Each structure stands twice: as C-alpha cells, then as structure tokens.
**Student:** 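Dropping the structure in here first, questions after.
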Amino acid sequence: MSLFRYLLPLPLLALLPFANATAANKSFVGAGGNIRLSYASSLTPTRNFAGRPLMNRGWRQMWDGAPIGRGVGIVRFWELAKPTDGQGQVTELLQVGFSRSAAVVATCGTAGMVSGNVRRLPNRMLGGHRWTVYASGDAGMSQQVSATNLRSVINGACYAIDRVTYAVKAAPPAGRNAPTQAVAAARMDAILATIKVGTRR
C-alpha cells in the first residue's frame, strides 16, 4: 500500500474500491437522452437488432408469433460465452427499445404474453419506474432461448427491455478467450441494474 493511501482519511479509503470499479465502466445515453445506462468497457453497444432462428428481429422480443409493432431499437449488448454445461456456445444479450405508436402503447404490458411458453413474474422497480415482467423462451434444433422481458409505459412511450440467453449446443466452441457464461451473464445483468428512463431533471 502506498504512502498516499495512509494519508487519506478513512471515508475516502472506503470509496477507493468503488472508484476503481466504475473506472472500468462506460456510460451510454440514447433516445434523445431518455435512456441512460452503464456498461463494462469490454462490451460494445450496437444498433444491430438482427434476429435468430428462435428470435424475431427488432426493437422488442415477441414469443407468440405476433408482429412486434412499430418501434425503434435503442441499444443492444451481447457477448459470446462458454456455456455452463460445456457444449457449444451461448450468447448473453440485453437490448432496449421503445415505441410511441398508440397501438403498441395500449398493449405494452400484455403483448407477447399469450404464448404457452410465457410465465408472468412479479412487477419490478427499475430506475424509479414500475415494469411488467415475464419470462419467455423457445427451443428446437439444438438451440434454446430464454428471456426475461420488462415492459413499461413512461412519458407516453412503451419501453421494452429484453434480457436474453441464447444457447446453441451444436455450434463450435465459443473460443479460448471467451468468458464463462456466468461472467457474461453478470455483465448483462449489471447493465440492466443501471438502466434509467426519462430525461434528467
């Protein structure tokens, strides 16, 4: 420990670990300042909302085959990882989108919850707002997707947050330098915990 640390008052010493942790994070602001979040510097925010065999493309995930409706993808984060069971590869993903379409806003908390693969979860407070939450997913052809979906109407817009795990058992291994699934999942969950919707006051 350096002499500098000995000279610091105890309250400041207690904050040093947190300062080091936040230095490794970056900030993202999108949707005209309406979305703010922090993410690990090893990740890259993208506006690529491409789909997959078990996932529709676009600003929110729907699991009942219904159209996703008019909306805009704000940001997506993803990381390829080594699956916990050791087979194939898994992608841990988080995306945020929103819509001001009256039809979308009217069914913001219910659309996508009629499929047999959907399970309602308790509402959740996030960033000062209450969110409708449900678990969903699908499986087939050695692939499996599971997600936690959050929906909320804030300032007249429907916001969608989808926290997705996409596993492909038949795929080649993720790669030597890929993180474990637990590490990649923790990074996505950490982003989710920082999301704030609404312009600063």
Side-chain angles (χ1 to χ4, degrees), residues 22 25-40 43-52 54-79 91-115 117-138 145-166 184-201:
T22 55
N25 289 344
K26 292 185 177 180
S27 296
F28 172 89
V29 179
N34 280 310
I35 289 286
R36 302 181 305 282
L37 55 81
S38 297
Y39 63 96
L43 301 175
T44 302
T46 178
R47 291 288 301 277
N48 181 349
F49 286 79
R52 295 194 175 197
L54 299 179
M55 283 173 56
N56 59 265
R57 68 183 298 276
W59 67 278
R60 66 173 173 172
Q61 287 303 309
M62 301 287 283
W63 307 94
D64 59 359
I68 64 170
R70 282 192 312 150
V72 177
I74 299 170
V75 67
R76 175 185 273 185
F77 294 90
W78 62 273
E79 188 163 30
T91 301
E92 294 291 347
L93 180 151
L94 181 137
Q95 67 178 37
V96 185
F98 81 116
S99 175
R100 296 194 183 279
S101 162
V104 172
V105 171
T107 59
C108 186
T110 56
M113 287 205 292
V114 297
S115 164
N117 295 330
V118 173
R119 180 169 50 94
R120 184 79 158 78
L121 300 176
N123 290 346
R124 177 172 173 178
M125 292 299 295
L126 180 66
H129 298 285
R130 185 178 299 279
W131 296 75
T132 297
V133 186
Y134 56 98
S136 55
D138 202 355
V145 59
S146 58
T148 301
N149 311 100
L150 296 90
R151 306 287 185 262
S152 188
V153 176
I154 301 168
N155 297 330
C158 174
Y159 285 86
I161 302 173
D162 296 300
R163 172 68 184 88
V164 182
T165 298
Y166 197 101
R187 286 175 180 151
M188 299 302 146
D189 292 341
I191 296 171
L192 176 61
T194 69
I195 293 176
K196 291 183 173 57
V197 181
T199 53
R200 290 182 190 273
R201 293 184 180 177

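One is the number of the first residue; the rest follow in order along the sequence. Keep in mind that this is a model prediction, so the values were computed, not measured.
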**Student:** Without swapping roles, check the side chain of Arg52 against the backbone of Val145 for a donor-acceptor pair under 3.5 Å.
**Tutor:**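 No: the side chain of Arg52 does not pair with the backbone of Val145.
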**Student:** Checking the side chain of Arg70 only, and the main-chain atoms of Arg100 only, is there a donor and an acceptor separated by less than 3.5 Å?
**Tutor:**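 The answer is no, because no donor-acceptor pair under 3.5 Å joins these two groups.
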**Student:** First locate atom OH of Tyr134, then atom CZ of Arg120, and finally report the distance between them rounded to the nearest 0.5 Å.
**Tutor:** 10.0 Å
**Student:** Hey, is CG on Asn123 packed in by over 12 heavy atoms from elsewhere, all under 6.0 Å?
**Tutor:**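 Check passes, neighbour count above 12.
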**Student:** Measuring from atom OG1 of Thr44 to atom CZ of Arg76, what distance do you get when rounded to the nearest 0.5 angstrom?
**Tutor:** 14.0 Å
**Student:** I'd like to know if the side chain of Asp162 reaches the main chain of Val164, judged simply by a donor and an acceptor atom lying under 3.5 Å from each other, with no hydrogens or angles considered.
**Tutor:**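 Here the side-chain-to-backbone pair does not exist.
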**Student:** Side chain of Trp78, backbone of Leu94: donor and acceptor closer than 3.5 Å?
**Tutor:**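 Not a single qualifying donor-acceptor pair exists.
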**Student:** Can you see which heavy atom on Gln95 is nearest to which on Gly58, and at what distance?
**Tutor:**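 Heavy-atom minimum between the residues: NE2-O, 3.3 Å.
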**Student:** Could you report the tightest heavy-atom contact between Trp131 and Leu126, atom names first, then the distance?
**Tutor:** NE1-O, 3.2 Å
**Student:** Test salt bridge (Lys or Arg N to Asp or Glu O under 4.0 Å) on Arg163 and Asp189 and set out the steps.
**Tutor:** CA-CA 8 Å; Arg163 172 68 184 88; Asp189 292 341; 2.8 Å; yes
**Student:** Output yes when a side-chain donor or acceptor of His129 lies under 3.5 Å from a complementary backbone atom of Ser152, and no otherwise.
**Tutor:**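 Answer holds: no.
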**Student:** About how many Å separate CD1 of Ile195 and CD1 of Ile35, when rounded to the nearest 0.5 Å?
**Tutor:**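 Between atom CD1 of Ile35 and atom CD1 of Ile195 there are 6.5 Å.
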**Student:** Taking all heavy atoms of Ile74 and all of Ala31, pick out the closest pair and write down the distance.
**Tutor:** CD1-CB, 3.8 Å
**Student:** Contact between Thr46 and Val75 at the side-chain level, heavy atoms closer than 4.5 Å - yes or no?
**Tutor:** no
**Student:** Taking all non-hydrogen atoms of both residues into account, name the closest pair between Met188 and Glu92 and its distance.
**Tutor:**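 In this case the closest contact between Met188 and Glu92 is CE-O, 3.7 Å.
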**Student:** Contact between Tyr166 and Leu93 at the side-chain level, heavy atoms closer than 4.5 Å - yes or no?
**Tutor:** no
**Student:** Using atom types as modelled and distance alone, determine if a side-chain donor or acceptor of Trp59 lies under 3.5 Å from a backbone N or O of Gly69.
**Tutor:**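 Answer holds: yes.
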**Student:** How far does OH of Tyr159 sit from CZ of Arg151, to the nearest 0.5 angstrom?
**Tutor:**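 Rounded to the nearest 0.5 Å, the OH-CZ separation comes to 14.0 Å.
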**Student:** Take Phe98 and Val72, measure what side chain to side chain contact (heavy atoms under 4.5 Å, CB included) needs, and give me the verdict at the end.
**Tutor:** CA-CA 6 Å; Phe98 81 116; Val72 177; 4.0 Å; yes
**Student:** Is there a donor-acceptor contact under 3.5 Å from the side chain of Thr194 to the main chain of Ser38?
**Tutor:** yes
**Student:** Please check this pair: side chain of Arg60 against backbone of Gly97, looking for a donor-acceptor N/O pair closer than 3.5 Å.
**Tutor:**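 No; judged by distance alone, with no hydrogens or angles, the pair does not exist.
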**Student:** Just say parallel, tilted or perpendicular for the rings of Phe77 and Phe28, cut-offs at 30° and 60°.
**Tutor:**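 Because their plane-to-plane angle is over 60°, the rings of Phe77 and Phe28 count as perpendicular.
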**Student:** Which atoms form the tightest heavy-atom contact between Val29 and Arg36, and what is the distance?
**Tutor:**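 Val29 and Arg36 have their closest heavy atoms at CG2-CG, 4.2 Å.
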**Student:** Which atoms form the tightest heavy-atom contact between Pro67 and Met62, and what is the distance?
**Tutor:** O-CE, 3.8 Å
**Student:** If I take atom OG from residue Ser136 and atom CH2 from residue Trp63, how far apart are they, to the nearest 0.5 angstrom?
**Tutor:** 5.0 Å
**Student:** How long is the straight-line distance from OG1 of Thr132 back to CZ of Arg124, given to the nearest 0.5 Å?
**Tutor:**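 Result: 13.0 Å between the selected atoms.
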**Student:** Taking the side chain as every heavy atom from C-beta outward, state whether Val133 and Thr148 have any pair of such atoms under 4.5 Å apart.
**Tutor:** yes
**Student:** Side chains of Lys196 and Leu37: does their closest heavy-atom pair fall under 4.5 Å?
**Tutor:**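 Side-chain contact under 4.5 Å: no.
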